[in-house]
Amino acid sequence: MPREFLPGTTPDPRLPAGPSAAAVRAAGTGSGPGSAPAAPAGTDTHCPYCALQCAMTLTPAPGSAEPAVTGRDFPTNRGGLCRKGWTSAALLGHPERLTAPLLRGPDGVHRPIGWTHALDLAAMKLAATRRLHGADAVGVFGGGALTNEKAYQLGKFARLALGTSRIDYNGRFCMSSAAAAGNRAFGVDRGLPFPVEDLDRARTILLLGSNVAETMPPFVQHLQGARAAGGLIVVDPRRTATADFTADGAGLHLQPVPATDLVLLLGLCHIVIHEGLADQEFLDSRTTGRHEVVRSVAQWWPERVQSVTGVPVHLLRETARLLSDGARSGGAYILTGRGVEQHADGTDTATAAINLALLLGLPGSANSGYGTLTGQGNGQGGREHGQKADQLPGYRKITDPAARAHVAKVWGVEPDDIPGPGLPAVELLGELGRSVRSFLIFGANVAVSAPNASKVVAGLRRLDFLVVCDFFMSETAREADLVLPVRQWAEEEGTMTNLEGRVLRRRAAVAAPARTRPELWIMAELARRLQAPSTFSDDPEAVFTELRAASAGGLADYSGIDYALLDSGAGAYWPYPAGSTGTPRLFTDAFAHPGGRAVLVPVSPAAAEPVRDALFAGSTLALVTGRLLEHYQSGAQTRRVPELAGAVPRALLLIHPLAAAARGIVDGGPVTIANARGTVRCTALHSTTVRTDTVFLPFHFPGEESANLLTGDAADPVSGMPEFKASSVAVTAGWAEADLAGAHLAGAGVPS
Ligand SMILES: Nc1nc2c(c(=O)[nH]1)N[C@H]1C(S)=C(S)[C@@H](COP(=O)(O)OP(=O)(O)OC[C@H]3O[C@@H](n4cnc5c(=O)[nH]c(N)nc54)[C@H](O)[C@@H]3O)O[C@H]1N2
Ligand SMILES: Nc1nc2c(c(=O)[nH]1)N[C@H]1C(S)=C(S)[C@@H](COP(=O)(O)OP(=O)(O)OC[C@H]3O[C@@H](n4cnc5c(=O)[nH]c(N)nc54)[C@H](O)[C@@H]3O)O[C@H]1N2
Ligand code: SF4
Ligand SMILES: [Mo]
C-alpha cells in the first residue's frame, strides 16, 4: 500500500520534501525581500493551487523549461511549501500541454485549427444560439482558480457580450455555504476576517471539518500555539493527520457521525449558555437575535447530542470549557472547512458555528474570531467580482438597483442592459442541453468535480456547442466541441486574493507556448466579434484598474489597491477604499449590517434528519469524500505530475477492518461502491482511522474511480451547495460489472 495515503504520514510541513537543497542552491535563492541578489534572477510569485497562496520564487534553470521553485518567507507559509507547491513547475512545459485550439470533427476526434478560425466559429455558434433560443440559452461556468481580472471580466463578458444571466462557477461547490452564513451573520463574507498569523497566539482553536495537514500543510504552523496550550480541537469523523495533532495532550479529537455537526454545534451552544460561559456584555452591545437562539438550543442538552452525534458528553463539556477559557485569556478561534459546509444543511451548520462564536464573544475581538478556510487559489477573489449568478463586482447584489447603476456606469451601459440573477451551479448544470444550448467553461473540470457527475456528462453531451478553456485535456475538455488552450499561472500577470482577503500579485516568470493565449484576450476577441456594448481589454493591469472602479463603494472594495502597491509587498486586505490603508481585521468596531450589529440566526436540524437516517439504513455505509495531500481537486493538474501521480496513482477506499470483514473485503483487494446514481470500482485500504459506519473516498480520480458518480445533487436551499460529504452507499467485495451492479444491488436494496 502506498504509505503516503495513510493519514498521519503527511511529511512535517516544516521539513518540506522539495527538490534537493543542492538543486535549489544551484538555481540561486531568488529575489525575495532581504535575500542577496542572485543570478539568474528569480521571479517572486505564489503557488498555483490552494488559497493559502504560499509565496515562492521561480528561477530559470539552465537547459530546462521548468524553473526551480523555492519557498519564500511570507506570513501564510513562512517559507514552507507542500509537495504540490514544490512540484508545481512540472506543469510548465509539460508534454501533454494543449498548444493549439482543437475542434472536434464528426468522427469525435479533436484536430488543431487556427485561432482566427476558432474564435470566428465560437462567435458564430454563440450568436446563433442566442438568435434561435434567446440570450439565456448560452451559459458560462467560471472557476476559483481564475485571477481576479479574469473572474471580473468573465462576469462582464457573460452579461454584456453574451447578454446572459446564466453564469455561475465552481466556488458554488466550495465556499457557498460558509459565504451565505457569513453574509447573514456579519453582513459580509471574507473567509478569515483577520490575518492568519493572529491564530499563532490563540490558546484554543476549534477546527471543524478541515484536514489542513493534507489540504494546506504549511498552515499547520499557525496551530502550534494552541497545541502547546493543549487547546487544539479537531472535529472530523476520520482520525486524520490533522486530528493526530491533538494527541499527547495537545487537544481533543471529536469524531462525530458524519452530517451531525449541526447538532454537535447546537449542543455546544447549549452548554455555553447553561454553564454561564456566554459573553453577555458582547451579546448586549454588539449583536441581535440571541434570545431566539437561546430558546432554540434549549432542547439540545448534552446527552441528547451524544445520542445523535456519538460524541461523549464529557468531550462536549471539555470543548466548551476550552473555548471559554481561551476566549477569556489568550484567544479562541472557531474555523470551519468543507467537512461541515458541503452538506445540504451546510449554511445552517456554518451558522451554528458562528452562533457559538458570537455567544462566546469571539468575532471582532482583538485576539479571537470565527473564520472559514477558503479552498481554491482565488476562491476568495473569485467570489467577489461577478462570476456568481447573483452578483456584480465588489460583492454587490445583482438585484440591488444602486449596485446595477454603479456598475452600468463603469461599463458604459444602461442598468437595464445588465441581466438579472442567473442559476446556481447545480441548477445551471441541470439545464445543460435543455434550456442551455451552448456552454463555455473557464477553469473547471465538472465532469469529475460536480455532484452526480454522470448526469452532468450527459448534459454536456446534449449541448449544441461546448467550449472549454484549459491548459490540459481535462475530462471536461474531452467533451468539448472546441478546446481553447490558455496560459498557466507562471506565464501571465494578475492578482489573487488569498484566504485572508489579502490581495497578491501573480507574476509571469516563464514564456508561454507560442500558440496558447491569455483568457483576457480570448474574452476580448469574442466580445469584439459579438459586438459587445462595452470595452474588453487583454491587459491585466487595465482590467484591474476597471475592477477597482467597479468595486468602489462595494463590500469588497479594491479601489485603493494597484499593482505598484502590491509589488511593494505591502499587505493589501480588502475593503481597501481609495485613500485608506486597507482592513487586515474586520469587525473591530462594527459588523457590516446596517446598525453595525452581528445577527444570531436560530437554526435547527429538522430538515437534515431524513438525510442522516438514510445514511445508515440497513447495511449501507456513509460515504465521505475529500482530499489527499498529493492531489489537487479533479486531478487534472496533479495527476500529470509524475512525483504526485506516483505517490497515489489510483483511488483507494478507506474502510474500517470490521466493516470490511463483515463484507469479505480484503486489504488491497477490489471493492465496489454503489448506489442508485452510480458504481465506483477501486481498491480497498483497511484503516482504523474511519468509523465502522463510514468509508472515505478521495474525489481526485476520473472514470470508474470517480467519487462523484455516487454523490447526489440535492443542494442546500440557501447556498446551492451540494451534499458532497455524505452519501449512502452499498460496499461489496470484488469488481461488479457496471451494468449488472446496478441491477444486482437494486434488488438488494441499493440506497438512493
Ligand atoms: N491536497 C489538496 N489540498 C487542497 C485541495 C485539494 O484538492 N488537495 N483543494 C483545496 C480546496 S478547493 C479546498 S475547498 C480545501 C478543502 O480543504 P478541507 O476542508 O480540509 O478538505 P476535505 O478533505 O474536503 O474535507 C475536510 C475533512 O472533512 C471531513 N468530513 C467529512 N464529512 C464530515 C462531517 O460530516 N463532519 C465533519 N466534522 N467533518 C467531515 C473529512 O473527513 C475531511 O477530513 O482544500 C484546498 N487544498
Ligand atoms: N466528491 C467531491 N466533489 C467535490 C469536492 C469534494 O470535497 N468532494 N470538492 C468541491 C470543491 S471544494 C471544489 S473547489 C471543486 C473543484 O472542482 P474543479 O474546479 O472542477 O477542479 P479542478 O481540478 O481545480 O479543475 C480546474 C480545471 O481548470 C483548469 N485550470 C486551472 N487554472 C485555470 C485557469 O486559470 N484558466 C483555465 N481556463 N483553466 C484553468 C485545470 O487544468 C482543471 O482542468 O470540486 C468540488 N467537488
Ligand atoms: S499549501 Fe497550497 S498554496 Fe501552499 S504549496 Fe501547498 S498547494 Fe501551494
Ligand atoms: Mo474548494
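In listed order, ligands and their atoms are each counted from 1.
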Give the contacting part of Asn445 toward ligand 2: side chain, backbone, both or neither, where contact means a heavy-atom distance below 4.0 Å.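 Both backbone and side chain.
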Any heavy atom of Phe471 under 4.0 Å from ligand 2? The part involved is side chain
Of all the atoms in ligand 2, which lie at a distance below 4.0 Å from a heavy atom belonging to [X]?
{"X": "Ser474", "result": "44 (O)"}
{"X": "Ala636", "result": "43 (C), 44 (O)"}
{"X": "Leu146", "result": "34 (C), 35 (O), 36 (N)"}
{"X": "Val486", "result": "37 (C), 38 (N)"}

Flag side-chain contact, heavy atom, 4.5 Å: [X] against [Y]:
{"X": "Leu199", "Y": "Leu335", "answer": "yes"}
{"X": "Pro485", "Y": "Phe471", "answer": "no"}
{"X": "Arg639", "Y": "Pro702", "answer": "yes"}

Ligand 1: which residues have a non-hydrogen atom closer than 4.0 Å?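 Cys50, Lys84, Cys174, Gly209, Ser210, Asn211, Glu214, Thr215, Val235, Asp236, Pro237, Arg238, Thr240, Pro258, Ala259, Asp261, Gly337, Arg338, Gly339, Val340, His343, Gly375, Gln376, Val624, Gly626, Arg627, Leu628, Leu629, His631, Tyr632, Gln633, His700, Lys725.
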Using a plain distance cutoff, I'd like to know if Glu492 has any nitrogen or oxygen under 3.5 Å from a nitrogen or oxygen of ligand 2.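 No, no N or O pair falls under 3.5 Å.
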I want to know if ligand 2 touches Cys469 in the polar sense, i.e. an N/O pair below 3.5 angstrom. yes
Would you check if there is a donor-acceptor pair between the side chains of [Y] and [X] at a distance under 3.5 Å?
{"X": "Thr638", "Y": "His631", "value": "yes"}
{"X": "Glu704", "Y": "Thr679", "value": "no"}
{"X": "Asn148", "Y": "Asn378", "value": "yes"}

Ring-face cation contact, Trp86 with Arg83, 6.0 Å cut, 45° max: no
Output the distance between atom CG (Asn498) and atom SG (Cys54), rounded to the nearest 0.5 Å.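 If we round to the nearest 0.5 Å, Asn498:CG and Cys54:SG are 9.5 Å apart.
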Between Lys84 and Leu629 (side chain of the first, backbone of the second, donor and acceptor by atom type, cut-off under 3.5 Å), is there such a pair? yes
Is a donor on one side and an acceptor on the other found under 3.5 Å between the side chain of Glu96 and the backbone of Phe472? no
Say whether Arg487 and ligand 2 are in contact under the criterion: heavy-atom distance to a ligand atom below 4.0 Å.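 Contact absent.
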